[in-house]
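Because the structure is predicted, anything quoted here is derived from the model rather than measured. Throughout, protein chains are lettered first and strands after them, A, B, ... in sequence-line order, and every chain is numbered starting at 1.
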Amino acid sequence: MRDYDFRKIEEKWRALWVANKTYHVEEDEAKKKFYVLNMFPYPSGAGLHVGHPLGYIASDIYARFKRQQGYNVLNPMGYDSYGLPAEQYAIQTGQHPEKTTFQNIDRYREQLDKIGFCFDWDREVRTCAPGYYHWTQWAFQKMFNSYFDTALGKAQPIDQLVANLEAKGTEGINAACSEELCFTADEWKAMSEQEKSQTLMNYRIAFLGETMVNWCPKLGTVLANDEVIDGVSERGGYPVEQKKMRQWCLRVSAYSQRLLDGLDTIQWSDSIKETQKNWIGRSEGAEVQIKVADSDIEFTIFTTRADTMFGVTFFVLAPESELVAQLTSAEQKEEVDKYLTYVKSRTERERQIDRTVTGVFSGSYGINPITGEKCPIYIAEYVLSGYGTGAIMAVPAHDSRDYAFARHFNLPIIPLVEGADVSEESYDAKEGIVMNSPMEGKPSLNGFTLNGLTIKEAIAATKKFVSENGLGRVKVNYRLRDAIFSRQRYWGEPFPVYYRHGIPCMIPEECLPVELPQVENFLPTESGEPPLGNAQLWAWDEANRKIVDKALIDEKTVFPIELFTMPGFAGSSAYYLRYMDPNNGEALVGEKASEYWQNVDLYVGGSEHATGHLIYSRFWNKFLFDLGVSKKEEPFQKLINQGMIQGRSNFVYRIKDTNTFVSLGLKDQYDTTPIHVDVNIVKNDVLDVEAFKAWRPEYETAEFILEDDKYICGWAVEKMSKSMFNVVNPDMIVERYGADTLRLYEMFLGPVEQSKPWDTNGIDGCHRFLKKLWQLFWDKDGNLQADATEPTADNMKSLHKLIKKVSADIEEFSYNTSISAFMVAINELTAQKCRSREVMTQIVALLAPFAPHMAEELWEALGQEGSVCDALWPAFDEKYLVESSVQLGVQFNGKVRFAMQFPADATPEQMVEMALAAPEAQKHLEGKQIVKTIAVPKRIVNIVVK
RNA sequence: GCCGCGAUGGUGGAAUCGGUAGACACGAAGGACUUAAAAUCCUUUGGCCAGUGAUGGCUGUGCGGGUUCAAGUCCCGCUCGCGGUACCA
């Protein structure tokens, strides 16, 4: 008997893998590539808990499986070490973020190393390393120097646009922009440097814009839309307010359509695709010009329901709209001002919670271009400035928000759909036949009518009419906003930008990276003064092309450098490209490496990044694709979202006002308070009473009311967190059971994509399985018991059943079922007393992705050359599974009554005949008539009787 | 509100094309070995009923209907839970 000494085995192979560079990977033209990637972690101070490695284990198994299939597998790892989480931790612990970040990285690495991953650590990237963020800055400069050509549908050099402006002004320009501009070449040439710079910002993909931002005073920075949840910050849950600020932005919106189209080309879950589709929010509609009565002013509204133009009874402007000032009449001014003050006083959160109808009449009237009718123009906060044109036509009969507004202000409601009852609520559905369009006897431009059409036909007809008659145009709107790209924080990539007389200029490419300067005080400020303002060495000497002391700023050759830093998503947007060629000093990624690795074949990470990282990354990659740097338009071909591992908390029940604790089964007899107890002193819900007394001083004198001499704890599934005392540390599991057991158990818990609670109790099963597997290989004297005996038919059947199952399951990330199949196979082979070296060798090859340490040890014991990582994946052969007979259930009237053997090749007719002849069948046939018989080979026989 | 996903024993979860529901594992109960513990092994384990027993019968996949020879699986209508999103016109 040789004991399964997992500590010795795992330590041995960890060292050998490092020494032999087993997981080092190079481009190899002779082999097909496969790129597996995990979302890299931000190293938090708490270290890893047992939930973090779940995705890494899943992808590691897949990577090893692909390698054994002969692929050249890239499976790198790194750290997302810039950004808010790292900085918040530093602030909380009062240490410099650089120090804590490096400590945390070391801790992560130590923990990761114990789990047996096949990462190629030579390719590690850290977003806070200058050699890495060099290329983040570089990409930013490329975006600054590009615009998005809407005719070509791709990014182009800004110089081309400038050339066009020099020659023809804005004529013939197809560029994504913040607002439509129109000027001539002469006007362009007449502009000052400042004005030109300002004008180009309207087109650049990375641009400085004066926009409404989510300002979080507590965090002291602005936040992107996806970093704000329910009106509070995602990090820390602090209030967020809307504020107009000058910020760097990325014109992500220019890529809306490509981001949408790309979703059809990648293998992601429906739910994530759906989330992204909603976030991009494409809506097809029309923009219509509205003339204001007794004025030259015109404004534009956006609608997706062009068919309802005959039902317009008022117009509404967003309070933030620039039109508000122009359209407010003298008589209404006081009331409008009062309303605007009220709107400004409300925070984003108040607006979300309190949806009571508010608004004010502007004093002006808009003219419905089709009916010629005058309708009042209101100002109301239910219309958003950021979407569409910030102005709408209101059709209360067919829009619930307009309906509520009309009821509140007593405005007319005109139904436009036959049979629609609008006395109580609006009819919003897009189904039905149009009427009242126009109403009998009412005028309509050129006799235009929609009556009798279905709504869908009416929408199309109106769009056509509107564009043909110059009333407006067909327009597609997207909800996707440009990303706000600057943060008033210290711990992030500095912008490679300086300001010459207020004009932003790029620090020359060959001077990159611009390194983050050291500062004493890195704390953010509520007023929004960036911490980089504290950096002394932070000015750009244009003549000498270097960073100098800011005391030298003279606005002639020495200028101030940008004080903002980049947001967390900057560094994580293109890191997968850097892994391909991590040490390249000349480029983000070399041509050869980029050509070879292409893009990520399998990406594993949490679904919480659906509207953040996964959108930004796709955008960033599309931009780099336009530049020719990235070779595939989509960065992540297949995406697997691992579920969250929740905690399983334990409770003890203290009788109120005492120090006596009562066991779960008896607690209802007392008035008790549940108290969280550390899950590490509870086994199978039984409390270790002595450990509990030692846990906290106040429990030292605790008394217990037991049942069956045991204290049974209650339990609940909660988030895994320190405060619930339900955190389980992977180091502890590795120490007690070994890394192979941890890997197996994490996968055995359930489907990778599903969230499930961690319960250490079940781990014994996986550990026992590994022990059994180990024992299969050794006799009682500790000698290998694999010899050259011919495998029996049973051996081969067990083996090939397993090969088939495991091969198929890994491909579908159904690891829990493959491990079950493994358990069955090992039990069978043990019962068969299998000795065959051939079978044993293949079993080890199959085991390798799951339990690599043990597999290596057995592979070596079997006398095999090299690492088991390169063991060929066993080929499945159907012939070993062919059965001469098969056992099937025989049904009467759809209910299974008994089981019997059938020849595997029996025809349905033969099966029915055999089933009817069986003695067990007789009692079911007695006095009954056969109505119908059904037989499906290898499935079922069913006899219907009456 | 809208969109998406889900609900199976005491627990985690299996079940390919609609074809013997509950694989595998945990826990529990009983037993073997042991001075004892740990470890290991064996038996039972969805519920109810009948039988000394082998066994047999009924029932059973959130609820209510339907399609089908046959439904955890398909269709219709609900309930609950999770995730996303929201005055997006």
Does [N] have its OP1 or OP2 closer than 4.0 Å to a side-chain nitrogen or oxygen of [X]?
X: A:K710; N: B:G27; answer: no
X: A:K932; N: B:C69; answer: yes
X: A:Q887; N: B:U20; answer: no
X: A:N684; N: B:G27; answer: yes
X: A:N816; N: B:A14; answer: yes
X: A:R939; N: B:U16; answer: no
X: A:R768; N: B:A25; answer: no
X: A:K895; N: B:A70; answer: no
X: A:Y382; N: B:A89; answer: no

Applying the Watson-Crick and G-U wobble criteria at under 3.5 Å, what pairs with [N]? Answer none if nothing qualifies.
N: B:G53; answer: none
N: B:A38; answer: none
N: B:G12; answer: B:C24
N: B:C58; answer: B:G47
N: B:G4; answer: B:C82
N: B:G64; answer: B:C76
N: B:C33; answer: none

Can you tell me how far [atom1] in [N] sits from the matching atom in [M], rounded to whole Å?
N: B:U16; M: B:A21; atom1: P; result: 13 Å
N: B:C87; M: B:U68; atom1: C1'; result: 47 Å
N: B:A15; M: B:A23; atom1: C1'; result: 8 Å
N: B:G51; M: B:G57; atom1: C1'; result: 11 Å
N: B:C5; M: B:U45; atom1: C1'; result: 33 Å
N: B:A14; M: B:C69; atom1: C1'; result: 27 Å
N: B:C63; M: B:G81; atom1: C1'; result: 15 Å
N: B:G9; M: B:A25; atom1: C1'; result: 14 Å

A:N278 atom CG is separated from B:G84 atom C1', nearest whole Å, by 7 Å

Indicate whether the side chain of [X] and that of [Y] have a donor and an acceptor atom separated by less than 3.5 Å.
X: A:Q832; Y: A:S798; value: yes
X: A:Q257; Y: A:R282; value: yes
X: A:T741; Y: A:Y4; value: no

Practice item. Report yes or no: is the cationic atom of A:R618 (NZ for Lys, CZ for Arg) under 6.0 Å from the centre of the six-membered ring of A:W279, at an angle within 45° of the ring normal? Key: no

- prompt: Can we call the ring centroids of A:Y737 and A:F6 under 6.0 Å apart?
  reply: no

| said: Aromatic contact between A:F314 and A:F405, with the criterion being ring centroids under 6.0 Å apart: yes or no? | reply: yes

Select base, sugar-phosphate, or nothing to describe what [X] touches, counting heavy atoms under 4.0 Å on all strands.
X: A:N942; value: base
X: A:K938; value: nothing
X: A:R897; value: sugar-phosphate
X: A:V383; value: base

Is a donor-acceptor contact shorter than 3.5 angstrom present between the side chain of A:Q891 and the base of B:G19? yes

